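The structure appears below as structure tokens.
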Amino acid sequence: LEKKQLEIKIMQHEECKEQIKELSEQNRYLEDQVTRLCEAPFSEKASRAVNFVGFPEQEKNVDQCRNEVKILEANNRGLTEESNCLRIEKETLQRDCDELREHIK
């Protein structure tokens, strides 16, 4: 009976060792992926180089982030254009005010 229990424990130990090995490999792989993203987080090429096989939720999140970045970039361009228009309008109004002050004097 003791021999049987020891054999079971040995088998469990071997299974655990195998799981540890697999998890270590997966961990190493994921660390490499994170390193790639950290080196160039907004580079389309770098983020596309990351392989999410087996991690569909993470891939979905990255795709959502990419879409959000595109939207934010478009919004930023729009705000920049609006800001430039307002700056020009302000300068025009300032010139008009200066001219009115000159006429009043």
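This is a predicted model, so every value here is computed, not measured.
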Exercise for the section: Could you tell me whether Arg95 and Asp98 make a salt bridge, using a distance below 4.0 angstrom between a side-chain N and a carboxylate O? Expected result: no
Handout entry: Main-chain N/O of Ile20 paired with Ser24 side-chain donor or acceptor, under 3.5 Å
Key = yes
Any chance you could measure [X], atom [atom1], to [Y], atom [atom2], to the nearest 0.5 Å?
X     : Y     : atom1 : atom2 : value
His13 : Ile10 : NE2   : CD1   : 9.0 Å
Ile88 : Leu93 : CD1   : CG    : 12.0 Å
Glu89 : Gln94 : CD    : CD    : 13.0 Å
Glu7  : Lys4  : CD    : NZ    : 6.5 Å

Problem - Residue among Glu81, Glu82, Arg87 satisfying side chain to side chain contact (heavy atoms under 4.5 Å, CB included) with Asn84 - result: Arg87
Exercise for the section: Among Ile71, Asn75, Val69, find the one that has a side chain to side chain contact (heavy atoms under 4.5 Å, CB included) with Glu73. Expected result: Val69
Exercise for the section: Check whether more than 12 heavy atoms from other residues, nucleotides or ligands sit under 6.0 Å from atom CD of Glu14, and answer yes or no. Expected result: yes
Completion exercise
Those residues at least two apart in sequence (or on a different chain) that pass side chain to side chain donor-acceptor pair (under 3.5 Å) with Asp96 are none
Handout entry: Candidate pair Lys21 and Lys17, rule side-chain contact (heavy atoms from CB on, under 4.5 Å), full reasoning
Key = CA-CA 6 Å; Lys21 181 182 174 186; Lys17 279 175 46 177; over 6 Å; no
